[in-house]
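Worksheet: the structure to be examined is printed underneath.
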Amino acid sequence: MSKFAAPKGVSEYFPPRSQNFEFVRNTLIGEAVVSGYQLIELPVFEDTELFKRGVGESTDVVSKEMYTFEDRGGRSITLRPEGTAGVMRSVIENNLDKGQLPVKIWYSGAFFRAERPQAGRYRQFYQVGVEAIGLSEPEIDVEVIAIADRAFKKLGLKKYRLDITSLGDASSRAAHRVDLIKFIEGLNLDDATAVRAKLNPLRLFDDKRPEISSAMSKAPVLLDYLSEESRKSFESVKSLLEDFGIAYQINPRMVRGLDYYTGTTFEFVHELLGAQSGIGGGGRYDGLMSQLGGADLSGIGFGLGVDRILLACEAEGIFSSDAVTSSLEIYLIPLGSENTKFVTNLLNQLRNSGVIADMSYGDRALKGAMKSADKSGAKYSCVIGESEISSGSLTLKEMKSGVTKEVRIDSLAQALKEI
RNA sequence: GUGGGCGUAGCUCAGCUGGUAGAGCACUCGGUUGUGGUCCGAGAUGUCGCGGGUUCGAGCCCCGUCGCUCACCCCA
């Protein structure tokens, strides 16, 4: 039992699973790069007010899930609960929106929400996200969705689906809101739920309690209130998704947890994940830039949950058995402690010439050292003792096949590169 | 914040109606003075989460506490 334990609800990745985590994250990033997105690296904490204004005070994220503290100068600081608000702040602050549009950027890192932990829900979690700012064409909506879909397919995921809807423009939402509030007033709700409904009536669509969800099944949905323009745009999105071969399902009751979404919104859901099944989601945000003091530009983006996507890959058996890969090229085994110094120096020379190498440290029995060589995953091993040093040549053993080969010690690095 | 489940070896877990702790895997050494994976043999490893109570006796029963976990609310 160690004296210290990690803070409650954080995810940690250590070998060998950290290799799979890295693989998932790099695959997600790779697809953003392929589509012309560039890296933005941001602070993990921001002015608390940024999230209140950007994400919305009525959201659960802002009202009860933020890690907020006061710094030494008396400023209110919050660990970022999501990525988009910070990106917008930086884009505005650094005038990225004054150049060529769209601005296409990706980010990756840790995010924080003070929730009760659960399978797939952590207080510190990892996202890869993209934002495309400055164009409102439906082609960009589909480009963004396609990045995520392509990454999931590349990872080998099969048991997921894409839910999509449109929240329309301001006039669409205003018309719907009137009718929805009228409908909700006719329901008999408990106090907490009534308060939530008042802050944002759309939230009730997301309630999983059977009495609420069955009542809400008769509620008017926003999709039926779309303006002509919004409807046309949504039609284009759907038609392009079909051209791209991306399967989707229209879900008019889908609700996103953040207030800034407008127009196209979407969510990727995995079947094998239990309660926390959303592996990524996003949408368009028309008013966000201007609300944060920037130009009145539209944008669209997503956040993908790296932790959950890793869980999904594991649930589908993607990293089955021998997925643990090692990049080690050679593993050196000194025989006899008097030869350790020679081997240590040889190891250093190999590394200096760029060979990925390791050795057996300590005076171990040969059998044990060979076992370590085996477990290291190195491609080759070699034993170096008295006779090798005096003859200047050693026996290189290919671990997988057991085939051996004589090599001069002074040309070992060269030999390994030629193989 | 609310509810359920679980805390025993490094890991996964067994442990009967209470009688002072076990398996598999992993680890170390040996069988095979200098060549791993298979096989065989041997060895090391525990404040049974913590505190209290009942009892002749508690891993097991009772109370408390801490931690983990799953679910609700909500979300990546």
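Please read these numbers as outputs of a predicted model, since none were measured by experiment. Atom set for the values below is all heavy atoms of this structure, side chains included, hydrogens, waters and symmetry mates excluded. A, B, ... follow the sequence lines: proteins, then strands. Residue 1 opens every chain.
- Distance noted for atom C1' between B:U8 and B:A14: 10 Å (whole Å).
- A salt bridge does not link A:Arg113 to A:Glu82: none of the charged side-chain nitrogens sits closer than 4.0 Å to a carboxylate oxygen.
- A donor-acceptor pair under 3.5 Å links the side-chain atoms of A:Arg351 to the main chain of A:Ala357, judged by distance alone.
- In summary, A:Glu31 and A:Lys154 engage in a salt bridge, as defined by a charged side-chain N under 4.0 Å from a carboxylate O.
- With A:Arg25 contributing its side chain and A:Val306 its backbone, the two residues share no donor-acceptor pair below 3.5 Å.
- If you take NZ of A:Lys64 and C1' of B:U2, they are 11 Å apart, rounded to a whole angstrom.
- A salt bridge between A:Arg17 and A:Glu314 is present, with a side-chain N of the basic residue lying under 4.0 Å from a carboxylate O of the acidic one.
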Requested in this report: Check the pair A:Leu50, A:Val55 against side chain to side chain contact (heavy atoms under 4.5 Å, CB included), reporting the backbone distance first and the verdict last.
Outcome: CA-CA 8 Å; A:Leu50 173 68; A:Val55 178; over 6 Å; no
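- Under the salt bridge (Lys or Arg N to Asp or Glu O under 4.0 Å) criterion, no residue pair touches residues 396-405 of chain A, with sequence neighbours excluded.
- Comparing the C1' positions of B:G57 and B:A21 gives an interatomic distance of 16 Å, to the nearest angstrom.
- Judged by ring centres under 5.5 Å apart and planes tilted less than 30 degrees, A:Phe125 stacks against the six-membered base ring of B:A76.
- For residues 259-285 of chain A, the set of pairs meeting the salt bridge (Lys or Arg N to Asp or Glu O under 4.0 Å) definition, not counting sequence neighbours, comprises A:Asp141-A:Arg284, A:Arg203-A:Asp259, A:Arg256-A:Glu267.
- A:Thr344 contributes a side-chain N or O that, together with a main-chain N or O of A:Thr340, makes up a donor-acceptor pair within less than 3.5 Å.
- Taking atom CD1 of A:Ile279 as the reference point, atom P of B:A76 lies 13 Å away to the nearest angstrom.
- Remark: A:Tyr260 pairs with A:Tyr285 by the ring pair (Phe, Tyr, Trp, His ring centres under 6.0 Å) rule, at least two apart or across chains.
- Straight-line distance between the C1' atoms of B:U2 and B:U17: roughly 36 Å, to the nearest whole Å.
- With hydrogens and angles ignored, no donor-acceptor pair under 3.5 angstrom links the side chain of A:Glu267 to the base of B:A76.
- Residue A:Glu65 is in sugar-phosphate contact alone, with no base atom involved, counting any heavy-atom pair closer than 4.0 Å across all strands shown.
- Taking 4.0 Å as the cut-off between side-chain N and carboxylate O, A:Arg173 and A:Asp169 do not count as a salt-bridged pair.
- Nucleotides B:U69 and B:C13 are separated by 14 Å at their P atoms, to the nearest Å.
- Backbone-only contact: A:Arg364 has heavy atoms under 4.0 Å from sugar-phosphate atoms and none from a base.
- Between the side chains of A:Tyr248 and A:Glu242, at least one donor N or O sits under 3.5 Å from an acceptor N or O.
- Rounded to whole Å, atom P of B:A76 lies 11 Å from atom CZ of A:Phe266.
- Separation of the P atoms belonging to B:G51 and B:G59 is 13 Å when rounded to the nearest angstrom.
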Using nucleotides 42-46 of chain B, report all nitrogen or oxygen pairs with the protein that are shorter than 3.5 Å.
none

Could I get a table of every N or O pair under 3.5 Å where one atom is in the protein and the other is in nucleotides 34-36 of chain B?
unit_1: B:G34; atom_1: O6; unit_2: A:Ser387; atom_2: N; d: 3.4
unit_1: B:G34; atom_1: O6; unit_2: A:Ser387; atom_2: OG; d: 2.9
unit_1: B:G34; atom_1: N1; unit_2: A:Ser387; atom_2: OG; d: 3.2
unit_1: B:G34; atom_1: N1; unit_2: A:Glu388; atom_2: OE1; d: 2.9
unit_1: B:G34; atom_1: N1; unit_2: A:Glu388; atom_2: OE2; d: 3.1
unit_1: B:G34; atom_1: N2; unit_2: A:Glu388; atom_2: OE1; d: 3.3
unit_1: B:G34; atom_1: N2; unit_2: A:Glu388; atom_2: OE2; d: 2.2
unit_1: B:U35; atom_1: O2'; unit_2: A:Lys397; atom_2: NZ; d: 2.8
unit_1: B:G36; atom_1: N7; unit_2: A:Lys397; atom_2: NZ; d: 2.8
unit_1: B:G36; atom_1: O6; unit_2: A:Met399; atom_2: O; d: 3.2
unit_1: B:G36; atom_1: N1; unit_2: A:Met399; atom_2: O; d: 2.4
unit_1: B:G36; atom_1: N2; unit_2: A:Asp374; atom_2: OD1; d: 2.7
unit_1: B:G36; atom_1: N2; unit_2: A:Met399; atom_2: O; d: 3.2
unit_1: B:G36; atom_1: N3; unit_2: A:Asp374; atom_2: OD1; d: 3.4

Report task. Go through A:Thr265 and A:Thr165 one step at a time and tell me if the side-chain hydrogen bond (donor to acceptor under 3.5 Å, both in side chains) criterion holds. Result -> CA-CA 6 Å; A:Thr265 52; A:Thr165 190; 5.4 Å; no
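- Listed pair A:Arg121 / B:A71 fails the phosphate criterion, with no side-chain N or O lying under 4.0 Å from OP1 or OP2.
- For residues 29-51 of chain A, proximity to RNA chain B is found at no residue, defined as any non-hydrogen atom under 4.0 angstrom from a strand atom.
- Residue A:Leu273 is the one, among A:Val306 and A:Leu273, whose nearest nucleotide of RNA chain B lies closer to the 5' end (criterion: closest heavy atom).
- For A:Phe268, the ring pair (Phe, Tyr, Trp, His ring centres under 6.0 Å) criterion is met by A:Phe152, not counting sequence neighbours.
- Look at the C1' atom in both B:G46 and B:G5: the space between them is 24 Å, to the nearest Å.
- Atom OH in A:Tyr261 sits about 7 Å away from atom P in B:A76, given to the nearest Å.
- Paired runs in RNA chain B that reach 3 or more consecutive Watson-Crick or G-U pairs, where each pair keeps both distances under 3.5 Å, cover B:1-7 with B:66-72, B:10-13 with B:22-25, B:27-31 with B:39-43, B:49-53 with B:61-65.
- The cationic atom of A:Arg80 (NZ for Lys, CZ for Arg) lies less than 6.0 Å from the six-membered ring centre of A:Phe111 and within 45° of the ring axis.
- When heavy atoms are screened at a 4.0 angstrom cut-off, A:Phe111 is found touching no nucleic acid atom at all.
- Atom CZ in A:Arg80 sits roughly 15 Å away from atom P in B:A76 (whole-Å rounding).
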Where do N or O atoms of nucleotides 66-70 of chain B meet protein N or O atoms at under 3.5 Å, pair by pair?
unit_1: B:C68; atom_1: OP2; unit_2: A:Lys8; atom_2: NZ; d: 3.0
unit_1: B:C70; atom_1: OP2; unit_2: A:Ala119; atom_2: N; d: 3.1

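- Partners of A:Pro201 under the side-chain contact (heavy atoms from CB on, under 4.5 Å) rule, at least two apart in sequence or in another chain, are A:Arg177, A:Leu180, A:Ile181, A:Ile184.
- Applying the ring pair (Phe, Tyr, Trp, His ring centres under 6.0 Å) criterion to A:Tyr126, with sequence neighbours excluded, gives A:Phe21.
- Under the salt bridge (charged side-chain N to carboxylate O under 4.0 Å, His left out) criterion, A:Lys379 pairs with no residue, sequence neighbours left out.
- Nucleotides B:U45 and B:A23, compared at atom P, are 14 Å apart to the nearest Å.
- Contact annotation: A:Arg203 reaches the phosphate of B:C75 (side-chain N/O to OP1 or OP2, under 4.0 Å).
- Distance check on atom C1': B:G36 versus B:G10 gives 22 Å, rounded to whole Å.
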